[in-house]
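Here the structure is laid out as structure tokens; the discussion comes afterwards.
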Amino acid sequence: MKTLTIRQVPDNVHEALRVAAAEAGRSMEEQVRILLAEAVRRVGPQDARRAALLDAQRFVASRYTGGRPTGQVDVFLQEKRDETAAEWTRDAQ
């Protein structure tokens, strides 16, 4: 088994986990393992990868395309290519 360390857990989340674990008669560590396993089963590995990819695409779009939706990234890049080609054409004349 692997080990996972989670830092900077908000106080309210930590307290809720502590209470839930105590009510279930478990340690916090066991409670968190159960919650993570349930979340992974619910989401599934394919959905988790897809969600991570979409998050990455949203980040790139927000960072580099002025907040345009990720579906617009290719359109944006093509627009920039077209603008550059038009500038080169004008400069060459």
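What you see is a predicted model, and the numbers here were worked out from it, not measured in a lab.
With sequence neighbours excluded, the residues forming a side chain to side chain contact (heavy atoms under 4.5 Å, CB included) with Ala24 are Arg26, Gln31, listed by chain and number. Taking the salt bridge (Lys or Arg N to Asp or Glu O under 4.0 Å) definition, one finds that Glu29 meets it with Arg33, sequence neighbours left out. For Asn12, there are no side-chain hydrogen bond (donor to acceptor under 3.5 Å, both in side chains) partners two or more places apart in sequence or in a different chain.
Scanning both residues, Ala21 and Ser27, for their nearest heavy atoms gives CB-O, 3.6 Å.
Other cluster members for Val13: Leu4, Ile6, Val9, Leu17, Met28, Val32, Leu35, Leu36, joined by side-chain heavy-atom distances under 4.5 Å among Ile, Leu, Val, Met, Phe, Trp and Tyr.
Under the salt bridge (charged side-chain N to carboxylate O under 4.0 Å, His left out) criterion, the residue pairs touching residues 4-17 are Glu15-Arg18, with sequence neighbours excluded.
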